[in-house]
Amino acid sequence: MTSSSTTTTTMITTTFLIFLFISTTVNSAFFIPKTDVNLLEFPLNLEYFEAEYFLFGSMGKGLDTIEPSLAAGGPPPIGAKQANLSLHIKDIITQFGYQEVGHLRAIKKRVPGFPRPLLNLSAEAFGTVMNAAFGMPLSPPFDPYANDINYLISCYVIPYVGLTGYVGANPKLHSPVSRKLVAGLLGVESGQDAVIRSLLYERANKKVVPYKITVGKFTQKISQLRDKLGKDGLKDEGLKVPIKLGAEKKIQGNVLAGDEDSLAYGRTPQEILRIVYGTGDEKAPGGFYPKGGDGVIAKSYLRR
């Protein structure tokens with residue numbers, strides 16, 4: 001073989017290997033493994049909840065009007081309605097609602113997803129949560145749609161749970177595409193939680209009418225209930241905490257929840273289901289999800 005032939009063969013081989021490397025790299029960058037797909041689909045349960053609750057609360061209409069294709073024919077939520085909000089709070093919640101529409105679209109661009117599950121967003125459903133949080137029936141029953149403070153307290157109930165789910169899922173993801181998506185979702189979800197907590201923190205010492213219980217006490221009781229239902233230790237904190245749980249153990253104010261290093265808490269899908277079902281059991285639907293969640297992970301517990 002001549003020197004020229006050898007050189008040509010070497011160049012062809014090298015070019016092929018480079019092409020193979022680039023092709024493999026590109027494919028791995030865009031390929032989402034099945035385990036990732038399941039973890040990315042699961043949060044749709046919470047994103048549907050947030051989208052419908054924010055849209056109805058601010059505008060009196062939900063996905064079936066705003067973006068029906070995303071609901072994918074799922075049953076309409078039970079009891080959702082427009083809340084009696086001031087212009088300022090209504091504006092904020094409207095922004096949140098449209099942001100959640102984007103979140104649903106972003107997830108469904110990358111994984112097949114599933115139709116909107118049956119959601120119970122009635123005043124009675126939230127009233128049941130508040131009764132459980134305080135260990136007694138509130139009288140009159142808590143109505144999340146009554147006014148700004150009640151609605152903001154109700155917004156404290158679920159969205160933060162979704163945030164902890166993204167924190168818990170992130171280290172389990174393999175694909176760069178999956179991790180990028182979750183990072184983007186987590187950034188905005190964290191911002192929403194910060195806004196809700198900040199608005200409530202400004203009102204922390206205000207009494208919730210007619211209960212004569214402060215806003216701060218409501219958040220404390222809700223956080224304690226979520227920890228109790230989640231069954232995995234301290235992962236939730238109200239707006240005021242003992243100094244030993246405050247940032248650097250130096251302050252009681254707790255506008256943002258975090259662990260001893262002020263890092264966000266993470267939760268597993270099992271913990272999340274126990275909380276949003278209100279049953280403390282991922283195999284027993286109820287609460288805001290009368291028929292349970294959807295997707296491979298949620299359904300795997302319903303079959304047990």
Side-chain angles (χ1 to χ4, degrees), residues 42-72 74-108 113 115-127 129-130 142-166 184-203 215 218-219 222 226 272 275-276 287-289 293-294:
F42 178 78
L44 284 172
N45 290 294
L46 282 299
E47 297 288 359
Y48 275 123
F49 178 104
E50 294 172 31
E52 295 290 10
Y53 193 56
F54 291 148
L55 290 173
F56 268 102
S58 60
M59 296 184 286
K61 54 189 177 183
L63 286 173
D64 288 333
T65 300
I66 303 298
E67 196 67 51
S69 63
L70 290 176
I78 300 168
K81 63 181 182 179
Q82 188 165 8
N84 182 26
L85 304 177
S86 65
L87 291 177
H88 178 61
I89 300 301
K90 179 180 178 180
D91 176 54
I92 292 171
I93 301 303
T94 302
Q95 293 178 50
F96 286 179
Y98 283 126
Q99 288 165 4
E100 295 305 328
V101 171
H103 289 181
L104 288 169
R105 184 185 303 111
I107 295 173
K108 288 191 166 191
R116 174 184 56 204
L118 180 63
L119 299 168
N120 186 353
L121 304 182
S122 66
E124 291 75 16
F126 282 92
V129 171
M130 297 306 170
F142 181 86
D143 181 2
Y145 298 104
N147 51 55
D148 282 357
I149 287 184
N150 283 26
Y151 191 80
L152 288 171
I153 288 173
S154 72
C155 288
Y156 184 90
V157 172
I158 291 298
Y160 173 74
V161 179
L163 182 163
T164 60
Y166 285 130
L185 291 165
L186 180 57
V188 175
E189 292 287 336
S190 299
Q192 291 177 353
D193 180 63
V195 170
I196 292 168
R197 290 183 70 103
S198 295
L199 289 168
L200 289 171
Y201 192 77
E202 292 173 355
R203 300 160 172 81
V215 169
F218 264 88
T219 65
I222 293 167
R226 290 190 298 214
I272 291 171
I275 294 168
V276 300
F288 299 114
Y289 296 80
D294 206 338

request  = Carefully, step by step, assess F49 and V276 under the rule side chain to side chain contact (heavy atoms under 4.5 Å, CB included).
outcome  = CA-CA 10 Å; F49 178 104; V276 300; over 6 Å; no
inquiry  = One pair to check against side chain to side chain contact (heavy atoms under 4.5 Å, CB included): I93 and Y53. What are the steps and the verdict?
reply    = CA-CA 9 Å; I93 301 303; Y53 193 56; over 6 Å; no
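How far CG of D148 is from NE2 of H88: 9.0 Å, rounded to the nearest 0.5 Å. Taken to the nearest 0.5 Å, the CD1 atom of I92 stands 11.5 Å off from the CG atom of L87. The CD atom of E202 lies 10.0 Å from the CG atom of L152; values are rounded to the nearest 0.5 Å.
Using a 3.5 Å distance cut-off with no hydrogens or angles, the side chains of E189 and H103 do pair a donor with an acceptor.
The shortest distance between side-chain heavy atoms of M130 and F218 falls below 4.5 Å. Taking 4.5 Å as the limit, some side-chain heavy atom of L163 sits within range of a side-chain heavy atom of S190. The side-chain heavy atoms of F42 and I272, taken from C-beta on, include a pair separated by under 4.5 Å. With contacts defined as side-chain heavy-atom distances shorter than 4.5 Å, the pair D294/L44 does not qualify. Looking at M59 and I66, their side chains come closer than 4.5 Å, going by heavy atoms from C-beta outward. Here the side chains of C155 and F54 are in contact, with some heavy-atom distance below 4.5 Å. With a 4.5 Å cut-off on side-chain heavy atoms, S154 and Y145 do not count as touching. Using a 4.5 Å heavy-atom cutoff, the side chains of Y160 and I196 are not in contact.
The minimum heavy-atom distance linking Y98 with L55 is given by the pair N-CD2, 4.1 Å. Heavy atoms only, all atoms of each residue included: A51 and L104 are closest at CB-CD1, 3.9 Å. Across all their heavy atoms, N45 and G293 have their closest contact at OD1-CA, 3.3 Å. Contact between Y156 and I222 at its shortest, heavy atoms only, is CD2-CG2, 3.7 Å. In plain terms, the two heavy atoms of R203 and L199 that are nearest each other are NH1-O, 2.7 Å. The minimum heavy-atom distance between Q99 and V188, with the atom names listed, is OE1-CG1, 3.8 Å.
Without hydrogens or angle criteria, R116 side chain to A72 main chain gives no donor-acceptor distance under 3.5 Å. Looking only at distances, no side-chain donor or acceptor of Q82 sits under 3.5 Å from a matching main-chain atom of F56. Remark: side-chain polar atoms of N84 are not paired, donor with acceptor, to backbone N or O of N147 under 3.5 angstrom. At least one donor-acceptor pair closer than 3.5 Å links the side chain of N150 to the backbone N or O of D143. Without hydrogens or angle criteria, E100 side chain to E52 main chain gives no donor-acceptor distance under 3.5 Å. Side chain of Y48 to backbone of L70: a donor-acceptor contact under 3.5 angstrom is found.
Under the 6.0 Å cut-off for aromatic ring centres, Y151 and F126 do not qualify, their centroids lying 6.0 Å or more apart.
The only option from I158, I275, I78, L119 that meets the side-chain contact (heavy atoms from CB on, under 4.5 Å) definition with F288 turns out to be I158.
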